[in-house]
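Written below as structure tokens is the structure these notes are about.
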2 protein chains.
Amino acid sequence: MKYSNQERMLVAVDSIIIGFDGNEYKILLIQRGFAPEKEKWSLMGGFVQKNESLDDAASRILDQLTGLKNVYLEQLHSFGKPNRDPIERVIAVTYMALIDIQQYEQQINNDFHARWFPINQLPKLIFDHEEMIDMALMKLRYKATLHPVLFELLPDKFTIPQLITMYEGLFATEIDKRNFSRKILSSDLLIKENEKDKSSSKRGAFYFRLNRETYKKNFQRIHNFLPKN
Amino acid sequence: MKYSNQERMLVAVDSIIIGFDGNEYKILLIQRGFAPEKEKWSLMGGFVQKNESLDDAASRILDQLTGLKNVYLEQLHSFGKPNRDPIERVIAVTYMALIDIQQYEQQINNDFHARWFPINQLPKLIFDHEEMIDMALMKLRYKATLHPVLFELLPDKFTIPQLITMYEGLFATEIDKRNFSRKILSSDLLIKENEKDKSSSKRGAFYFRLNRETYKKNFQRIHNFLPKN
DNA sequence: CCAAAAGTGTTTGACTTACACCCATGC
DNA sequence: GCATGGGTGTAAGTCAAACACTTTTGG
């Protein structure tokens with residue numbers, strides 16, 4: 001049995017994959033492999049298959065196009081204007097992925113036709129993908145103001161100055177390192193290592209690791225690492 | 001031309017319509033008019049048609065099933081487990097609507113087969129609609145912690161004690177009226193009327209109206225009307 | 001005049017900011 | 001020994017919480 005007299009349509013998943021390379025935020029794009037707009041740059045996307053959920057589709061597509069597994073992946077918003085795809089009606093469910101660029105950079109560049117673009121130097125994109133990216137960045141800024149989600153972008157070991165650069169990049173603001181340190185250290189989210197990163201100063205900055213337990217437990221709590229204005 | 005070898009599926013919109021009657025939060029449900037699960041209680045839903053966007057579909061369905069127009073309506077989340085509807089594959093995009101119950105109570109009860117249920121006395125619902133409601137309430141709590149969205153639930157004129165009851169109901173907490181008053185009055189969101197509501201005390205409480213300008217302009221700003229714990 | 005809700009004022013303490021200053025080290 | 005980024009300490013200011021108290025008015 002089926003519902004009668006109803007229009008059936010394709011459902012696609014498109015993922016906005018965001019990374020931070022230590023200086024800038026980047027988005028992973030791919031050259032579309034089929035018509036229309038073949039060879040044009042596009043978000044990572046694909047159609048939802050018969051027996052998979054939306055989340056499963058997002059994970060599968062991410063894996064197929066980039067080899068990425070077990071990354072932070074969150075559903076964002078669904079787009080459904082009737083003519084957003086000129087070929088036929090397609091509903092697009094977007095997901096946002098946050099990944100540590102360094103861990104995957106080689107793999108992605110070598111094995112797949114994907115490329116990282118800085119967020120202020122994006123190429124022209126197909127369909128409504130630019131709108132999707134705008135929405136993802138707005139959401140990320142909003143979420144990062146309140147929750148420590150940006151840690152997903154960092155490697156296992158990172159320094160507080162790196163953290164500061166990351167926050168400053170996303171919010172285009174300057175952060176007082178002394179106050180930031182105090183706040184983040186009092187949050188119980190970081191575990192200090194003995195090792196130092198000497199790549200950007202003579203004295204060296206201590207490495208920290210994320211305390212995954214308190215991170216998960218207190219993720220929904222509102223943290224306030226940013227200055228008010 | 002069409003994309004080949006892809007599965008097309010139905011796309012539905014389901015709206016969680018939330019109201020507050022002065023004492024409790026309620027959700028508007030309808031008795032489903034067609035099989036399967038005919039006569040069972042369900043969210044307001046329907047299929048997305050050929051030439052309408054998702055937002056348009058949500059507005060149209062809301063209007064058709066309840067007569068409601070121009071209400072607060074926000075896309076929430078999309079649900080797509082393969083067997084969530086036993087008849088055939090259906091992707092459901094959920095929307096949350098917030099309305100002033102009193103303004104529409106008569107209209108809805110008389111003209112449509114819809115009914116308000118208190119959120120802790122919901123009937124058994126079809127498919128995954130309970131999960132959708134849970135998600136909507138979580139989202140509403142989250143949003144109301146940070147933004148003055150609950151004003152959407154109130155009539156044009158309301159008192160501060162009513163506001164307090166509304167916040168207390170959603171967060172199951174007690175609020176100090178003196179501190180709450182000070183915070184909300186200093187927010188610039190309210191315009192004081194000369195009239196008083198004497199229905200719940202001898203002295204009477206002044207009516208206020210929402211300042212729509214500052215409301216819209218500062219909606220995204222973080223307000224903090226709730227106590228910390 | 002009293003009960004009961006509305007509303008005002010004040011103290012306390014926690015948290016943020018701003019900023020002076022010290023530390024470590026490669027050159 | 002000095003320049004440079006990393007990190008600590010502290011005083012001043014701001015804001016929310018707690019709570020005692022006054023106002024209003026129907027019965």
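Here the structure is a predicted model, which is why all the values come from computation and not from measurement.
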Check your understanding: Which part of the nucleic acid, if any, lies within reach of B:Ser200 when heavy atoms closer than 4.0 Å are counted: base, sugar-phosphate only, or nothing?
Key -> sugar-phosphate

**Study point:** A:Tyr207 side chain to A:Asp156 side chain, donor-acceptor N/O pair below 3.5 angstrom
**Key:** no

Study note, to complete from the structure: Which of C:dG7, D:dT25, D:dG6 is nearest the side chain of A:Ser201? It is D:dG6

Practice item. Output the single nucleotide from D:dA3, C:dG7, D:dT25 whose closest atom is nearest the side chain of B:Phe206. Key: C:dG7

Study note, to complete from the structure: Assert: residue with more 5' nearest nucleotide on DNA chain C, out of B:Ala205 and A:Arg203, is B:Ala205

Study note, to complete from the structure: What residues 178-186 of chain A contributes to the DNA chain D interface at heavy-atom separation below 4.0 Å is A:Arg178, A:Arg182

Check your understanding: Whole Å only: how far is the CG atom of B:Leu226 from the P atom of D:dC15?
Key -> 19 Å

Check your understanding: Is any side-chain N or O of B:Lys177 under 3.5 Å from a base N or O of C:dA5, one able to act as donor and the other as acceptor?
Key -> no

Check your understanding: Is the B:Tyr167-B:Phe180 ring centre distance short of 6.0 angstrom?
Key -> yes

**Study point:** Distance flag, aromatic centroids of B:Phe151 and B:His223, threshold under 6.0 Å
**Key:** no

Check your understanding: B:Tyr25 and ring-ring contact (aromatic ring centres under 6.0 Å, His included): which partner among B:Phe20, B:Phe171, B:Phe117?
Key -> B:Phe20

**Study point:** Atom-pair distance (NZ on A:Lys196; C1' on D:dG5), nearest Å
**Key:** 11 Å

Review point. Are B:His147 and B:Tyr72 near enough that their ring centres are under 6.0 Å apart?
Key: no

Practice item. Verify the distance criterion only: is there a donor paired with an acceptor across the side chains of A:Ser53 and A:Asp55 at less than 3.5 Å? Key: no

Exercise for review: Using whole Å, report how far NZ of B:Lys228 lies from C1' of C:dA14.
Suggested key: 8 Å

Review point. Quick one: does A:Lys198 reach the base of C:dG26 with a side-chain donor-acceptor pair under 3.5 Å?
Key: no

